[in-house]
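Numbered from 1 within each chain, the chains take letters A, B, ... in sequence-line order.
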Amino acid sequence: MDRFVWTSGLLEINETLVIQQRGVRIYDGEEKIKFDAGTLLLSTHRLIWRDQKNHECCMAIPLSLVVFIEEQAAGIGKSAKIVVHLYPAPPNKEPGPFQNSKNSYIKLSFKEHGQIEFYRRLSEEMTQRRWENVPVSQSLQTNRGPQPGRIRAVGIVGIERKLEEKRKETDKNISEAFEDLSKLMVKAKEMVELSKSIANKIRDKQGDITEDETIRFKSYLLSMGIANPVTRETYGSGTQYHMQLAKQLVGILQVPLEERGGIMSLTEVYCLVNRARGMELLSPEDLVNACKMLEALKLPLRLRVFDSGVMVIELQSHKEEEMLASALETVSEKGSLTSEEFAKLVGMSVLLAKERLLLAEKMGHLCRDDSVEGLRFYPNLFMTQN
Amino acid sequence: MHRRGVGAGAIAKKKLAEAKYKERGTVLAEDQLAQMSKQLDMFKTNLEEFASKHKQEIRKNPEFRVQFQDMCATIGVDPLASGKGFWSEMLGVGDFYYELGVQIIEVCLALKHRNGGLITLEELHQQVLKGRGKFAQDVSQDDLIRAIKKLKALGTGFSIIPVGGTYLIQSVPAELNMDHTVVLQLAEKSGYVTVSDIKATLKWETERARQVLEHLLKEGLAWLDLQAPGEAHYWLPALFTDLYSQEITADEAREALP
């Protein structure tokens, strides 16, 4: 910990910020010290740590003092960490939080995650060593590490050997997993080939494969995650699963829809349904495929796609066209409205408010005024006045 | 000589032959379906075995996840197509990405009023991590990209725009063509762009530059700064990093959904 120097935290000219992460705690070797909650910044030249509560407390280590870094995976109750092994501080070092320390390494604990990206970027900077090419002012320059021979203590060699072993171990685990994965993929590929062959047969024999068989086939494709190569749409790419899902959706969405004026965007539905499920979540495609079957199954909800591509779920009883009359009234009362203003007045999402106003415009009830200040809608006086 | 293939008799014979052929064809497909069903069961067992040994690897190692996804793509399999797929059920990859999708939507919605629906991958990453809390599993930027690609199916205008060395994520269906994208890329370095910058770097005429900037203003993606020294600056809030003083909490993110 005695390698740190106090700093203002401002970047020097030619020094660039690479990545930053909140919620980082510093350890002096294995010991917890008082610097337990800060923002860690990585620049091309330094590692900077600033206390989250007291921004005046800000310190840095030049990257040139880093020997190497290792990752420490998270455990139960323990955050993921990066261990930074350091060269000794140069004799002319500026003042910092610690005068002396018996440890030649520090640990950075990522209590709010972000360790993966940070480690990646830090490794990159250690490889590129940009601080060597782009000098900054005196205060940041330090020795480029120790002179070979003298200061290279035995301890560091031991650490490097341990790191090499650990790398080999990790590589072995990865390669075993990778090997197993490759074998699995070979089998998966056979399934893909088989499904293509069946699909070709179905295509050639239009009308000779029963509905039952088609449904079975589709469910096999679903299990494997193979795209449906046959374009014969009875229920879109739907399967039994999607039919069941469609019926379930009715139960889940009836009340929320009523609360939201009978209409919700598919994004809202996706979030609502998955948040409610908690586990065994729906994929976006599951949701879309289920919704495509609503009409065919004569359920009280329907999927609607606006010209813009926005997809919504409506109650069958909801008539968007009837909402246009009241939309026109609202706009007329206020003279003119933007989507945001309309959304606020009526209590809708801005996305759907915009769609309603666009539909009203399409039907000739409203006119637009498109300027840098935004898109504003007015009652269409060309229609009403003569 | 006997003429072949003519006459009512010949036609009837031909029809019978065709029917028999079709029948065989149907039987063939039936066979193959049965074969596929059997192979599917076997594959499921293999996958279960793989999962029991390596499920943790996938959960914990983002590089392995990338390799897994790439291999699936190569053979023509989408492990994230459905929550009901084997991959999702047995390896648990589904829930991981679908939940991430929800979190991405919530963050984008919460910040839309500030950045017009355009956000850097970095900032999205930071905000998602914050929202997930301390005990959740870490996610990489690659994970975010894959989750976003899946969200496109919902028709909401999610798109991924490469700029500089990173990406901008668009979460509203605003029309952005090549010209707009190129200007965004130009602005990435300093967070703003001017008409002169555009003319000097892209060699466009004034009118073309102004139109693009006006469109970005209209869509709420750019802010106009008339008090900047020299000429007007067009700032892109999406490209601000730690200039924000305000931060959203996980609750605010959830409340952003009406």
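Contact annotation: the side chain of A:Lys183 approaches that of A:Glu179 to within less than 4.5 Å [non-hydrogen atoms, C-beta and beyond]. Residues B:Tyr167 and B:Thr120 fail the side-chain proximity criterion, which asks for heavy atoms closer than 4.5 Å. Taking 4.5 Å as the limit, some side-chain heavy atom of B:Arg132 sits within range of a side-chain heavy atom of B:Leu100. Side-chain contact between A:Ile313 and A:Leu303: present, with at least one pair of heavy atoms (C-beta onward) separated by less than 4.5 Å. By the 4.5 Å heavy-atom criterion applied to side chains, A:Met224 and A:Ser195 are not counted as neighbours.
Ring-centre distance between B:Phe43 and B:Trp87: below the 6.0 Å cut-off.
Contact of A:Tyr241 with chain B is made through the side chain alone, with heavy-atom distances under 4.5 Å. Proximity to chain A is limited to the backbone of B:Leu80, based on heavy atoms less than 4.5 angstrom apart. Contact of B:Thr74 with chain A is not made at all, since no heavy-atom distance falls under 4.5 Å. Both the backbone and the side chain of A:Gln115 come within contact range of chain B, each with at least one heavy atom under 4.5 Å from a heavy atom of that chain. Heavy atoms closer than 4.5 Å to chain A are found nowhere in B:Glu63, neither backbone nor side chain. In this structure, no portion of B:His215 lies under 4.5 Å from any heavy atom of chain A. A:Ser219 does not touch chain B: none of its heavy atoms, backbone or side chain, sits under 4.5 Å away. For chain A, the nearby parts of B:Gln141 are the backbone and the side chain; heavy atoms of each come within less than 4.5 Å. Looking at B:Pro79, there are no atoms closer than 4.5 Å to chain A (heavy atoms on both sides), in backbone or side chain. Only the side chain of A:Val288 comes within contact range of chain B, with at least one heavy atom under 4.5 Å from a heavy atom of that chain. Looking at B:Ile58, there are no atoms closer than 4.5 Å to chain A (heavy atoms on both sides), in backbone or side chain. No part of A:Arg277 comes within reach of chain B, as not one of its non-hydrogen atoms sits under 4.5 angstrom from that chain. With a threshold of 4.5 angstrom between heavy atoms, A:Met279 approaches chain B through its backbone and through its side chain.
A salt bridge links B:Lys218 with A:Asp370: at least one charged nitrogen is closer than 4.0 Å to a carboxylate oxygen. The existence of a salt bridge linking A:Lys344 and A:Glu341 is excluded, since no basic side-chain nitrogen approaches an acidic carboxylate oxygen closer than 4.0 Å. Comment: A:Asp286 does not engage B:Lys84 in a salt bridge, judged by the lack of any side-chain N to carboxylate O separation of less than 4.0 angstrom. Under 4.0 Å is where a charged nitrogen must lie from a carboxylate oxygen, and between A:Glu112 and A:Arg25 no such pair does.
When each of A:Lys189, A:Lys187, A:Glu117 is scored by its heavy-atom pairs under 4.5 Å with chain B, the top score falls to A:Glu117. Most heavy-atom pairs under 4.5 Å with chain A, from the set B:Lys44, B:Glu49, B:Lys53: that is B:Lys53. Counting heavy-atom pairs closer than 4.5 Å to chain A, the top residue among B:Met36, B:Glu214, B:Lys150 is B:Met36. Chain A forms the most heavy-atom pairs under 4.5 Å with one residue out of B:Leu217, B:Leu213, B:Leu216, B:Leu40, and that residue is B:Leu40. Contact count versus chain B (heavy atoms, under 4.5 Å) is highest, among A:Gly225, A:Ser223, A:Ser265, for A:Ser223. Of the residues considered (B:Lys112, B:Gln103, B:Met71), B:Met71 shows the highest number of contacts with chain A, using heavy-atom pairs under 4.5 Å. When the candidates A:Ser197, A:Gly77, A:Ala73 are compared by the number of heavy-atom contacts under 4.5 Å with chain B, A:Ser197 comes out ahead. Interface remark: of the candidates B:Leu129, B:Asp95, B:Val77, B:Asp95 forms the most heavy-atom pairs closer than 4.5 Å to chain A. Listed options B:Leu154, B:Leu47, B:Val172 were ranked by heavy-atom pairs under 4.5 angstrom with chain A; first place goes to B:Leu154. Counting heavy-atom pairs under 4.5 Å between each of A:Leu282, A:Ile19, A:Asn274, A:Leu245 and chain B puts A:Leu282 at the top.
Using modelled atom types, one finds no donor on one side chain facing an acceptor on the other under 3.5 Å when comparing B:Asp225 with B:Tyr234. Looking at A:Gln21 and A:Thr39, their side chains never bring a donor and an acceptor atom within 3.5 Å of each other.
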Handout entry: Worked verdict on B:Leu224 versus B:Leu226 for side-chain contact (heavy atoms from CB on, under 4.5 Å)
Key = CA-CA 6 Å; B:Leu224 180 59; B:Leu226 291 170; 4.0 Å; yes

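When all heavy atoms of B:Phe50 and A:Ala177 are compared, the pair lying nearest together is CE1-O, 3.8 Å.
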